[in-house]
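Some notes on the structure that comes next.
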Amino acid sequence: MPMPWTYRHAQKEFQAFLGDARERMNLVSDNSTYTAVEGVLRTFRARLTPPQALAFADVLPAVLRALFVAHWDIAAPPRPFAPRAEMTREAQALRPHHNLTPENAIEAVAWALWRCVDHRDLAR
């Protein structure tokens, strides 16, 4: 079996995703975009059970999959979903002294993810 595309081209795929997210959030650097994306992914992951989170991770490109599961306390109970403004504040709390995450971060990350995943896999 050939190596999956997402592993062979992981950096290229991640850079394309970061570019989409950075543009949508109107940020100026990959570093600030990375922090915003990580905050949004952690905020979403905190509301899923481990089986739900792993099912979601399976549809992500390689680097985003790794970012999604990194530093995860799987023993923590899932948090309830909250209004978007509250979850945005949660994402903005990651590395607060270096966080430029904008108010549209959740929408922007969702939009960028939609552009880089197989929609049939996501629907499953």
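Since this is a predicted model, take the numbers as computed values, not measurements. Reckoned from all heavy atoms, side chains included, excluding hydrogens, waters and symmetry mates.
Side-chain atoms of S29 and L100, non-hydrogen and from C-beta on, never get closer than 4.5 Å to each other. A 4.5 Å side-chain heavy-atom check between R115 and F17 finds every atom pair outside the cut-off. Taking 4.5 Å as the limit, some side-chain heavy atom of W5 sits within range of a side-chain heavy atom of E13. With a 4.5 Å cut-off on side-chain heavy atoms, H98 and T35 do not count as touching.
Among R79, R45, R42, the one residue that satisfies the salt bridge (Lys or Arg N to Asp or Glu O under 4.0 Å) test with E90 is R79. Tested against L64 for a side-chain contact (heavy atoms from CB on, under 4.5 Å), the candidates L41, V59, V109 yield a single pass: L41.
Heavy-atom contacts from other residues, nucleotides or ligands closer than 6.0 Å to CZ of R8 number 12 or fewer.
Residue A21 comes nearest to A112 through the heavy atom pair N-CB, 3.8 Å, listed as atom of the first residue, atom of the second, then distance. Nearest heavy atom pair, residue A93 against residue N99, reads N-ND2, 4.2 Å. Of all heavy-atom pairs between P80 and R47, the closest is O-NE, 3.1 Å.
Residue W111 holds its CH2 atom at 4.5 Å from CG of D20, rounded to the nearest 0.5 Å. The CZ atom of R89 lies 8.0 Å from the CD atom of Q92; values are rounded to the nearest 0.5 Å. Note that CZ of F14 is 11.5 Å distant from CG of L60, once rounded to the nearest 0.5 Å. The distance from atom CE of M87 to atom OG1 of T43, rounded to the nearest 0.5 Å, is 7.5 Å. Residue L94 holds its CG atom at 5.0 Å from CD of E38, rounded to the nearest 0.5 Å. Interatomic distance, T33 OG1 to L27 CG, rounded to the nearest 0.5 Å: 4.5 Å.
A salt bridge is defined here as a Lys NZ or Arg NE, NH1 or NH2 lying under 4.0 Å from an Asp or Glu carboxylate O, and E107 with R24 meets this definition.
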Q15 and K12: CA distance, side-chain angles, deciding distance, side-chain contact (heavy atoms from CB on, under 4.5 Å) verdict: CA-CA 5 Å; Q15 282 305 127; K12 177 190 214 180; 5.9 Å; no
Residue pair F56, L113: steps toward the side-chain contact (heavy atoms from CB on, under 4.5 Å) verdict: CA-CA 11 Å; F56 178 72; L113 283 173; 4.2 Å; yes
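Cluster annotation: V117 is not connected to Y7 through the hydrophobic network of ILVMFWY side chains, with a link wherever side-chain heavy atoms come within less than 4.5 Å. Hydrophobic clustering (ILVMFWY, side-chain heavy atoms < 4.5 Å, transitive): V28 and V37 are in distinct clusters.
Aromatic ring orientation, W72 versus F68: tilted (interplanar angle from 30° to 60°).
Judged as a side-chain contact (heavy atoms from CB on, under 4.5 Å), and not counting sequence neighbours, the contacts of A105 are M25, V40, T101, P102.
Listed for the E86 side chain is no donor-acceptor partner under 3.5 Å among the backbone atoms of P83.
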